[in-house]
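A short write-up of the structure that comes next.
The figures here come from the full heavy-atom set of this structure, side chains too, leaving out hydrogens, waters and symmetry mates. Order of appearance sets the numbers: ligands from 1, and atoms from 1 within every ligand.
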Amino acid sequence: MFDTIIIGAGFAGSVLAECLATQKKQRVLVIDKRQHIGGNCYDRFDDHGVLIHQYGPHLFHTNHKAVFDYLSQFTQWRPYQHEVLGFIDGQQVPVPFNLNSLHALLPDSLAKSLELKLIERFGYGKKVPILELRKIDDAELKFLADFIYEKIFVHYTAKQWGKKPEDIDPEVTGRVPVFVSRDNRYFQDKYQAIPTHGYTRIFENMLNHSNISVMLNTDFKDVFHLDLDSGAMQLLGSEFKGELIFTGLIDELFQGRFGELPYRSLNFQFEHLPCDQYQAKTTINYPNDYDFTRITEFKHISQQTIAGTTIVKEFPQDFERNNPLKNIPYYPVFTEENKAILDRYLNFSKKFERVTLVGRLAENRYYDMDDIVARALAVFADKFA
Ligand code: FAD
Ligand code: UDP
């Protein structure tokens, strides 16, 4: 009945379903264990009418015109530039740490001299990962690097990952580099916008096609089987001769053959408050205080003018497969040790010609929304077009 089965209705699965159905006229079955489409980008109105992001704040930003144009078929946009403050030494200062943060936190004369040094050494507008800045052989810049490492990175990273910054892939802390600039925005991408009717609407529009069937509330393991020796596939007990696109956990698809990969989970605590605005910017990070990493206030994103406001606090936690409070794998854990396990899975996956792995969990990559849309479009062009 189906040409392709897709496990996961996030961006990876939905983009591929949409492309296969519209451009190749394929009959596609999308399976997801959640009761909704959209994966981690799912948003909905809460009981108070505030548009919340159920799995944490999602801000769209990209430099890829092709990605922006592709998604624009399914939504209109509202311009939005994301800003984050960090609560440091009792003050709220811009994050990523920039020249404004420098002047807010350090005495005037020291800040001025450090600003000149940063500009002289790196140039105005440059972004410097903290782990790179710490290697600089200059006493004053070394002092600054240690200060930023201590105030912004080390404790936040301990909360978020249970690790030191140097014990995870440098790309992770490199996402929030020290910015030699007065630009307070979190991202500098060319296209930054919020879908006018929310993210979920994008997925509804993508999947609303007569060739696409969506099966929710269904763990793929209950309806689908992949034989790891022969590569044969079964859907509901009958042989399936088509293609599988898998966007869930790679170790789950391959039945833990090389051991379980670790993931990091989050506990989101939502609060509705009677005030109209809770905080000055969308997100405030708390690197050094409290057990949560950040608080996000959704009305800054949705720009709704209704009374009351909803915030969410993010409490990082270990992922536990069998604990319903901890079993959402938000982030793969990017360490050398895990990469070795991942490589074994990726190598093994090559023998399954009808299986394609795409997505944050399936590929174990720190994909942002635009990255995964770009990746899914590339996979379609390379393998299915
Ligand atoms: P997902 O969205 O995770 O979709 C995978 C789907 O597979 C899920 O729906 C899941 O239920 C399903 N699945 C898994 N296992 C099974 C199973 N056994 N059976 C059936 N279905 C299964 N990106 C940005 O660009 N900007 C941001 O501001 C941003 N903020 C983020 C904040 C947080 C807290 C997190 C965790 C991520 C954020 N991202 C952001 C990244 C963004 O969420 C991802 O890029 C995107 O969700 C990846 O899409 P995906 O399809 O690979 O994975
Ligand atoms: N980070 C930090 N302090 C901050 C913000 C980020 O130490 O105030 C580090 C932390 O390790 C985090 C990583 O930088 O996991 C990437 O941050 P980003 O905001 O990109 O994380 P995400 O939004 O993906 O959770």
Measuring from non-hydrogen atoms of T218 to any atom of ligand 1, is the shortest distance under 4.0 Å? yes

Heavy-atom distances under 4.0 Å are what count here, so tell me which part of Y186 touches ligand 2: side chain, backbone, both or neither. side chain

Short N-O contact, R175 and D368, less than 4.0 angstrom: yes

Does ligand 1 have any atom sitting under 4.0 Å from a heavy atom of L249? no

For atom 12 (C) of ligand 1, the option (of V15, L266, D368, D32) bearing the nearest heavy atom: D32

Measure the distance from atom 13 (C) of ligand 2 to every protein heavy atom, then report the residue, atom name and distance (to 0.1 Å) of the closest one. V172 O, 3.4 Å

Which label fits F147 and F97: parallel for a plane angle under 30°, tilted from 30 to 60°, or perpendicular past 60°? perpendicular

Honestly, for S14 the part within reach of ligand 1 (heavy atoms, under 4.0 Å) is neither

Atoms of ligand 1 under 4.0 Å from any heavy atom of Y367, numbered from 1 in the order shown, are 41 (C), 44 (C), 45 (O)

Considering all heavy atoms of both residues, which atom of I306 and which atom of H48 are nearest to each other, and what is their separation? CD1-O, 3.6 Å

For atom 1 (N) of ligand 2, what's the nearest protein heavy atom and its distance? Y156 CD2, 3.6 Å

Atom indices of ligand 1 within 4.0 angstrom of Y330 heavy atoms, with elements: 36 (C)

How does H82 reach ligand 1, by side chain, by backbone, by both or by neither, if only non-hydrogen atoms under 4.0 Å count? neither

Report, in ascending order of atom number, the atoms of ligand 2 lying under 4.0 Å from any heavy atom of R294. 19 (O), 22 (P), 23 (O), 25 (O)

Within the 6.0 Å centroid threshold, strictly below: F334 and Y366: yes

Would the H64 and Y191 ring centres measure less than 6.0 Å apart? no

Nearest to atom 4 (O) of ligand 1 by heavy atom, S265, G359, P329, G10: which? G10

Please list the nearest protein heavy atom to atom 20 (O) of ligand 2 with its residue and the distance rounded to 0.1 Å. R175 NE, 2.8 Å

Linking Ile, Leu, Val, Met, Phe, Trp and Tyr through side-chain heavy atoms less than 4.5 Å apart, which residues share a cluster with L273? L85, F87, Y278, I284, Y286, Y290, F292, I295, I311, F315

N327 and F319 have their tightest heavy-atom pair at O-CE1, 3.2 Å

Tell me whether ligand 1 is touched by Y42 - counting only heavy atoms on the residue side and a distance under 4.0 Å. no

Which residue from T157, N288, I152, V176 reaches closest to atom 11 (O) of ligand 2 through any of its heavy atoms? T157

For N285, atoms of ligand 2 separated by under 4.0 Å from a heavy atom: 4 (C), 5 (C), 8 (O)

for atom 25 (O) of ligand 2, nearest protein heavy atom and its distance come out as Y331 OH, 2.5 Å

Which residue and non-hydrogen atom of the protein lie closest to atom 21 (O) of ligand 2, and at what distance in Å? Y366 OH, 3.4 Å

Less than 4.0 Å between a side-chain N and a carboxylate O, is that true for D318 and K326? no

Do you see a donor-acceptor pair shorter than 3.5 Å between the side chains of E83 and H300? no

Can I37 be said to touch ligand 1, with heavy atoms closer than 4.0 Å? no

Does F11 reach ligand 1, in the sense of a heavy atom lying below 4.0 Å from it? yes

Show the atom names and distances, to 0.1 Å, of all donor-acceptor pairs under 3.5 Å that link a side chain in residues 208-215 to residues at least two apart or in another chain.
| from | atom 1 | to | atom 2 | distance (Å) |
| --- | --- | --- | --- | --- |
| H209 | ND1 | N211 | N | 3.0 |
| N211 | ND2 | Q26 | O | 3.4 |

Determine the minimum heavy-atom distance between Q91 and A104, stating which atoms define it. NE2-O, 2.9 Å

When the aromatic ring centroids of F348 and F258 are compared, is their separation below 6.0 Å? yes

Within ligand 1, which atoms have a heavy atom of F220 less than 4.0 Å away? 17 (C), 18 (N), 19 (N), 20 (C)

